[in-house]
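Hydrogens, waters and symmetry mates play no part in the numbers below; they use all other heavy atoms, side chains included.
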Amino acid sequence: MTEHPTSHEGRQPLAARPQERARPRQQEAPPGAAATAAIPGPSPVPNTAKGPVPNAVPNPVPGAVDAAGPAVDPQTLARREGDRLRFVGAATRRIARGIDLDEIVLGLCRASVPTFSDAILVYLRDPLPVGDERPATPFVLRLRRTDRLRLTDEENDGGPEGERLRLPVAGSQAGLLPAADLCEIRAGGALAEVLRGVRPVFGDSAAARVALPELLGAGRTVPTGHRAILAPLRGRRRVIGAAVFLRGPERPPFEANDLLVAAQLATHTALGIDKAVLYGREAYIADELQRTMLPDSLPQPTGVRLASRYLPAAETARVGGDWYDAIPLPGSRVALVVGNVMGHSMTSAAIMGQLRTTAQTLAGLDLPPQEVLHHLDEQAQRLGSDRMATCLYAVYDPVAHRITIANAGHPPPVLLHLGGRAEVLRVPPGAPIGVGGVDFEAVELDAPAGATLLLYTDGLVESRLRDVWTGIEILRERLATTAQLTGPDHSPPLEALCDDVLDMLGPGDRDDDIALLAARFDGIAPSDVAYWFLEPEDAAPGRARRLARRALSRWGLDDLSDEVELLVSEVVTNAVRYAERPVTLRLLRTDILRCEVGDDAPQLPRQRRARETDEGGRGLFLVNRLARRWGATRLSTGKVVWFEMATR
């Protein structure tokens, strides 16, 4: 005796296909509302006046019965039970393969149709509860997906695989009964009682005859001759939906064991949906955590242009320990930071956030790069003995056209010169952050105008297919090749350069997160800088006004003279009042005019409201009203008070 193979991957058993071809062609209903599905109407009885329909035998699928009568031999029953068990095994495996919500629901539909039923409707709670939270909104079910038996290949070409399809109907379109898209469950109603009972029920049972019209919509029910099973979907804590399995009149009716099959399908689907919702929530938290840990946007400091990229290791591991940052410093300088905490987890991301915050705080103190790494190392040790990270910290000075770099076990940066030569900078490697008890060394290098500095994490250059130094050499060659395309007198566009660097990663090359920070050095020309030392004496404010007026006249900014002289006089007066060493005055002309006054007093000035009888206290009030921006930064040797004026 030959067994008919059971459905696998949602296909009908081989023995059922001849019968399927013998069925009369069903007429497709016209497109209706986007949010509606349909319940099959009565199918015509095959015309047997001209002879029996070929292969019109009962479909030997799980749940089939012998059409000749109730007497079935034990061997046939055993075969059917084996088919049913194999079907349940294949169907549950298919459902379990899904990761997200849509994949799981699609797995249920494809596993059920056409092997177990001709059509299926899947309703899910809206919104779906997450974990142990108790829904505060009314119990509402939304029609999530419908699927139906596809009779011919022509019908398969009618639309995308994932779109909602109308269920097969026979006869005129008048028999088409659209199912409601939303259903609010009434407490104490028939549908609520069926869902509370958890067990699947036949569509012709007393409870389902009242519950199905409530689910499908007022006045709608399963047409005569069709069979249905209503199966609640219960997750770990509560009912999260319902599934309706439908069979047409030409197929054998559901039998008692089919309720067990429906229960297995519903249970596996509900548990999978629960896990998918929890996974979706964790992915959302991971995305939000990563987004808050990395800068929303890069600053636009004077004399340098910046671009960045971040790529997670994979869609399933979006949280990592890689980070980058650009921090404006006094004197129009900027700190460039890139780092990598070991691991891909929430813990790695949390440690990365703490180290990034620490680096920003240390940068605000204007410490040398090696001192910043030393304090980061101490912070990592306080977080735990196994908290390891690599970091590269660089400070660029656009006035001096110099860059100071300190490294803590990180891959060296690459400098792309204007002529197209790419150079791997010789930076002392240092030990990773968290080792403890080691000194870090800084090196000062030229940063010529037009050059581009590329900072990156090891995910860009290291993989299972190549080591770090091989990847660095590939990166250097890629940068040189890209620069040659733009010619020796032009630097490649910064954003396009970042994209081109990432394109060097082939399939399977990316095993780790990638953080990329590119800095194009424009610098500030010496002719756009004016710098003086002023003795801390009463005549200093007057001298500062005269020097500022001359510089503005040389730059063609005479229309700013009155306001700038007033503000320079006020800031220098405050500096002379507390300074013991010479005060510095610097003017920088770029797209804005920036004035910086430095002294050796650590106290930062703060704006206060002066009384009518006070002789002073109005200097910072004037600065705040007239300047475009202003601020004060504490240095290791004192402080700098600065303000900016628009030049246009």
Side-chain angles (χ1 to χ4, degrees), residues 292-299 301-302 304 306 308 321-342 348-384 387-398 400 402-410 413 427-445 447 453 455 457 515 517 519 596 598 600-604 631-642:
T292 56
M293 294 300 180
L294 296 175
D296 292 334
S297 60
L298 293 174
T302 303
V304 62
L306 303 172
S308 63
D322 292 17
W323 90 91
Y324 62 88
D325 216 340
I327 309 167
L329 299 177
S332 299
R333 296 170 302 150
V334 59
L336 306 173
V337 191
V338 66
N340 178 19
V341 177
M342 308 305 177
S348 300
I351 295 173
M352 177 266 286
Q354 295 182 69
L355 293 180
R356 178 175 177 243
T357 302
T358 303
Q360 290 178 328
T361 304
L362 295 171
L365 299 177
D366 199 29
L367 297 177
Q370 64 272 23
E371 289 297 321
V372 172
L373 294 184
H374 174 73
H375 290 293
L376 284 177
D377 179 59
E378 292 180 338
Q379 174 67 8
Q381 294 180 68
R382 285 191 290 268
L383 295 176
R387 308 309 187 193
M388 304 287 291
T390 63
C391 182
L392 193 144
Y393 188 95
V395 175
Y396 170 64
D397 188 341
R402 304 281 288 178
I403 186 168
T404 305
I405 306 174
N407 191 8
H410 204 78
V427 179
I433 290 173
V435 173
V438 296
D439 292 330
F440 299 99
E441 183 180 352
V443 59
E444 187 174 351
L445 305 170
L453 184 69
L455 309 179
T457 55
L517 179 63
E596 300 173 347
D600 60 345
Q603 296 84 5
L604 295 181
T633 304
R634 182 179 285 111
L635 306 178
S636 57
T637 57
K639 68 175 180 295
V640 169
V641 180
W642 55 268

K.L.:
Only counting residues at least two apart or in another chain, list the ones meeting side-chain contact (heavy atoms from CB on, under 4.5 Å) with A515.
P.N.:
Y310, D322, Y324, V338, T457

K.L.:
Is it the case that the side chains of H374 and Q370 hold a donor-acceptor pair, with the cut-off being a distance below 3.5 Å and no angle test?
P.N.:
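No, H374 and Q370 have no side-chain donor paired with an acceptor closer than 3.5 Å.
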
K.L.:
Return the set of residues passing salt bridge (Lys or Arg N to Asp or Glu O under 4.0 Å) with D397 (not counting sequence neighbours), or none when no residue passes.
P.N.:
none

K.L.:
Sequence neighbours excluded, which residues qualify as side-chain contact (heavy atoms from CB on, under 4.5 Å) partners of P429?
P.N.:
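Once residues adjacent in sequence are excluded, P429 has no partner under the side-chain contact (heavy atoms from CB on, under 4.5 Å) criterion.
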
K.L.:
Under the rule for side-chain hydrogen bond (donor to acceptor under 3.5 Å, both in side chains), what residues qualify as partners of N407, not counting sequence neighbours?
P.N.:
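Per chain and number, N407 pairs via side-chain hydrogen bond (donor to acceptor under 3.5 Å, both in side chains) with no residue.
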
K.L.:
Partners of R382 by salt bridge (Lys or Arg N to Asp or Glu O under 4.0 Å), sequence neighbours excluded?
P.N.:
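Partners of R382 under the salt bridge (Lys or Arg N to Asp or Glu O under 4.0 Å) test: none.
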
K.L.:
Using the test side-chain hydrogen bond (donor to acceptor under 3.5 Å, both in side chains), find all partners of E596 that sit at least two apart in sequence or belong to another chain.
P.N.:
R586, R594

K.L.:
Residues in side-chain contact (heavy atoms from CB on, under 4.5 Å) with P301, at least two apart?
P.N.:
P299, V304, L306, V334

K.L.:
Can you name the residues that form a salt bridge (Lys or Arg N to Asp or Glu O under 4.0 Å) with E441, not counting sequence neighbours?
P.N.:
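E441 satisfies salt bridge (Lys or Arg N to Asp or Glu O under 4.0 Å) with no other residue.
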
K.L.:
Applying side-chain hydrogen bond (donor to acceptor under 3.5 Å, both in side chains), can you list everything that pairs with Q381, at least two apart in sequence or on another chain?
P.N.:
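D377.
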
K.L.:
Provide the full list of salt bridge (Lys or Arg N to Asp or Glu O under 4.0 Å) pairs with a residue in residues 354-364, sequence neighbours left out, each pair given once.
P.N.:
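Checked against salt bridge (Lys or Arg N to Asp or Glu O under 4.0 Å) - neighbours excluded - the pairs reaching residues 354-364 are D325-R356.
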
K.L.:
Does anything in residues 326-337 pair up under salt bridge (Lys or Arg N to Asp or Glu O under 4.0 Å), and if so which pairs, sequence neighbours excluded?
P.N.:
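For residues 326-337, and leaving out neighbouring residues, the salt bridge (Lys or Arg N to Asp or Glu O under 4.0 Å) pairs sorted by first residue read R333-D366.
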
K.L.:
Could you list the residues that satisfy side-chain contact (heavy atoms from CB on, under 4.5 Å) with A447, not counting sequence neighbours?
P.N.:
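If we apply the side-chain contact (heavy atoms from CB on, under 4.5 Å) test to A447, skipping adjacent residues, the hits are Y396, I403, F521.
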
